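Residues take their numbers from the sequence shown, with the count starting at 1. As the structure is a prediction and not an experimental result, all values here were calculated from the model.
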Amino acid sequence: MIPMKRLQGLVAATYTPFDDGGAFNPDMVKPLVERLLSEGVDGLYVCGSTGEGMSLSTTERKAVLESYVEASAGRVPVIAQVGHNSIAEARELSRHAQQSGADAVSATCPSYFKVDHAEQLIECMAELASAAGDLPFYYYHIPALTGSTIDMPAFLSMACESIPNLVGLKYADTKLFEYQTCLLLQERRFDVVWGCDEMLLGALATGASAAIGSTYNVAAPLYRRLIDCVAGGRLDEAQELQMRSVQLVRALCRYPFHPAMKALLTMRGLDVGGCRLPLGKMTATDVTNMRSDLERIGYFEWGIVNEDRR
């Protein structure tokens with residue numbers, strides 16, 4: 001386990017590769033990790049929404065995390081997403097994350113029975129975070145999927161005493177004003193990581209220093225250039241690069257998003273299989289049409305895909 005500092009740069013929300021029968025395919029994890037690191041990814045977020053963590057059994061989630069920890073070999077931080085509707089299962093995943101060599105844990109709140117006030121959220125997160133020992137803990141705020149719209153500055157302000165290893169948030173909402181408030185809270189005490197790829201430019205302008213996202217799997221060099229442009233004061237170029245990101249996301253969202261992302265990874269030579277129900281599937285026609293959509297926006301001409309076009 002590498003020493004944990006504040007997250008920096010691009011953290012890829014990793015995909016869980018499946019074989020033709022729908023079982024976890026550990027043989028594809030190392031090629032995925034090597035590709036991500038070669039393209040400039042600075043961390044790995046495992047078994048989140050992108051990794052279909054909620055569609056995996058606890059045993060499978062442990063195996064996926066172990067594979068990513070082994071493949072990363074201490075080169076970048078590995079964050080284990082352990083959220084579960086069962087707090088007992090989440091605690092078990094937290095314990096395993098520490099034992100397996102993960103660098104941090106993160107968790108969504110339970111989502112079947114809604115968490116609708118800060119005290120309830122703190123109680124749930126304290127229960128599972130305590131099982132991770134001294135690993136840093138990031139709450140994963142994604143109201144579109146959990147239905148929990150609790151004010152995040154209030155949560156952070158109240159949670160420190162009950163969750164000693166709380167270091168910050170994965171903030172997967174679009175409210176830049178709330179995000180900025182979290183960033184500046186208690187003299188920038190918390191590591192608040194942005195989670196909306198197509199709004200990265202706005203987050204950087206607001207003060208973000210790290211972001212976790214799905215499309216960093218297929219366009220990390222684009223986003224790295226965007227970050228460099230902001231740092232160098234080249235706003236016009238940064239705006240153009242962000243617009244390419246928006247076009248990419250819009251093209252992928254014409255199809256079931258995560259199946260489309262997996263199809264794009266396969267198109268780029270990394271056969272990660274499909275997605276599990278209830279996520280949809282890509283037909284052969286869908287894949288053909290998606291390639292045309294991506295060619296239309298110039299994705300394959302952006303200098304971000306160097307593999308033979310398959």
Side-chain angles (χ1 to χ4, degrees), residues 11-39 41 43-73 78-86 89-90 92-93 96-97 100 102 106-108 111 140 142 145 197 212-220 249 252-291 294 305 307 310:
V11 179
T14 58
Y15 280 92
T16 299
F18 296 126
D19 63 22
D20 291 340
F24 170 50
N25 180 8
D27 293 339
M28 279 307 302
V29 171
K30 186 170 177 56
L32 275 167
V33 169
E34 294 305 321
R35 170 73 62 79
L36 291 170
L37 298 191
S38 73
E39 293 189 345
V41 163
L44 306 170
Y45 189 88
V46 180
C47 287
S49 309
T50 302
E52 298 178 73
M54 300 309 182
S55 297
L56 303 176
S57 69
T58 295
T59 299
E60 288 175 319
R61 288 170 75 167
K62 289 179 178 180
V64 173
L65 178 61
E66 289 168 6
S67 294
Y68 272 101
V69 169
E70 180 181 1
S72 65
V78 176
I79 302 99
Q81 198 288 122
V82 301
H84 202 291
N85 274 323
S86 164
E89 294 295 307
E92 175 59 27
L93 288 166
H96 174 263
S100 69
S106 178
T108 56
S111 57
Y140 180 7
I142 183 165
L145 292 182
D197 306 6
I212 299 171
S214 302
T215 60
Y216 307 155
N217 287 277
V218 296
V249 172
L252 292 167
C253 283
R254 296 190 184 106
Y255 310 91
F257 179 79
H258 289 302
M261 280 285 295
K262 280 191 154 184
L264 180 52
L265 282 168
T266 299
M267 197 182 294
R268 293 187 58 192
L270 294 167
D271 186 0
V272 293
C275 292
R276 287 186 175 175
L277 291 171
L279 296 179
K281 295 182 179 180
M282 293 283 284
T283 66
T285 300
D286 287 337
V287 173
T288 299
N289 290 340
M290 185 182 75
R291 179 188 284 278
L294 294 173
V305 178
E307 304 82 14
R310 293 169 171 83

*Take Arg268 and Glu39 through the test salt bridge (Lys or Arg N to Asp or Glu O under 4.0 Å) and record every step on the way to the result.*
CA-CA 13 Å; Arg268 293 187 58 192; Glu39 293 189 345; 2.7 Å; yes
_Does any part of the side chain of Tyr216, heavy atoms only, come nearer than 4.5 Å to the side chain of Thr50, both counted from C-beta?_
no
*Answer yes or no: is there a side-chain heavy-atom contact under 4.5 Å between Pro31 and Met28?*
yes
*Decide yes or no for Cys275 and Glu52: does some side-chain heavy atom of the first lie under 4.5 Å from some side-chain heavy atom of the second?*
yes
*Shortest non-hydrogen contact from Ala97 toward Ser100*: O-OG, 3.1 Å
*Would you say the side chain of Ser111 lies within less than 4.5 Å of the side chain of Leu145, judging by non-hydrogen atoms?*
no
*Could you give me the CA-CA distance, side-chain angles and deciding distance for Glu66 and Arg61, then say whether salt bridge (Lys or Arg N to Asp or Glu O under 4.0 Å) is met?*
CA-CA 9 Å; Glu66 289 168 6; Arg61 288 170 75 167; over 6 Å; no
_Is it the case that the side chain of Glu60 and the backbone of Ser57 share a donor-acceptor pair, with hydrogens and angles ignored and the cut-off at 3.5 Å?_
yes
*Nearest non-hydrogen partners of Ile79 and Ser106, listed with the distance*: CG2-CB, 3.8 Å
*Is any side-chain heavy atom of Cys47 less than 4.5 Å from a side-chain heavy atom of Leu56?*
yes
_I need the minimum non-hydrogen distance between Ala13 and Ile212, along with the two atoms involved._
CB-CG2, 4.2 Å
_I want to check something: taking the side chain as every heavy atom from C-beta on, are Ser49 and Tyr140 in contact at a cut-off of under 4.5 Å?_
yes
*asked:* With a 4.5 Å cut-off on side-chain heavy atoms, are Val272 and Thr266 touching?
replied: yes
*Considering all heavy atoms of both residues, which atom of Gly274 and which atom of Phe18 are nearest to each other, and what is their separation?*
O-CD1, 3.2 Å
*Flag, side chain of Lys262 to backbone of Gly273, donor-acceptor distance under 3.5 Å*: no
*If only atom types and distance count, is the side chain of Asn217 paired as donor or acceptor with the main-chain N or O of Ser214 below 3.5 Å?*
yes
*Going through the distances and angles, do Val41 and Arg35 end up as a side chain to side chain contact (heavy atoms under 4.5 Å, CB included)?*
CA-CA 9 Å; Val41 163; Arg35 170 73 62 79; over 6 Å; no
*Pairs involving residues 12-25, ordered by first then second residue, that meet side-chain hydrogen bond (donor to acceptor under 3.5 Å, both in side chains) (sequence neighbours left out)*: Tyr15-His258
*Does any N or O in the side chain of Gln81 come within less than 3.5 Å of the main-chain N or O of Gly53, such that one atom is a donor and the other an acceptor?*
no
*What residues form a side chain to side chain donor-acceptor pair (under 3.5 Å) with Thr215, not counting sequence neighbours?*
Asp197, Tyr223
*What is the minimum heavy-atom distance between Met282 and Pro256, and which atoms define it?*
SD-CD, 4.1 Å
*Quick one: closest heavy-atom pair of Val78 and Val46, and the distance?*
CG1-CG2, 3.8 Å
*asked:* Within the structure provided, determine whether Asp286 and Met290 are in side-chain contact (heavy-atom separation under 4.5 Å).
replied: no
*Kindly determine whether Glu92 and Lys62 satisfy salt bridge (Lys or Arg N to Asp or Glu O under 4.0 Å), including the steps that lead there.*
CA-CA 10 Å; Glu92 175 59 27; Lys62 289 179 178 180; 2.7 Å; yes
*How far does CG of Leu32 sit from OG of Ser72, to the nearest 0.5 angstrom?*
12.5 Å
*Step by step, work out the side chain to side chain contact (heavy atoms under 4.5 Å, CB included) result for Val11 and Leu44.*
CA-CA 5 Å; Val11 179; Leu44 306 170; 5.6 Å; no
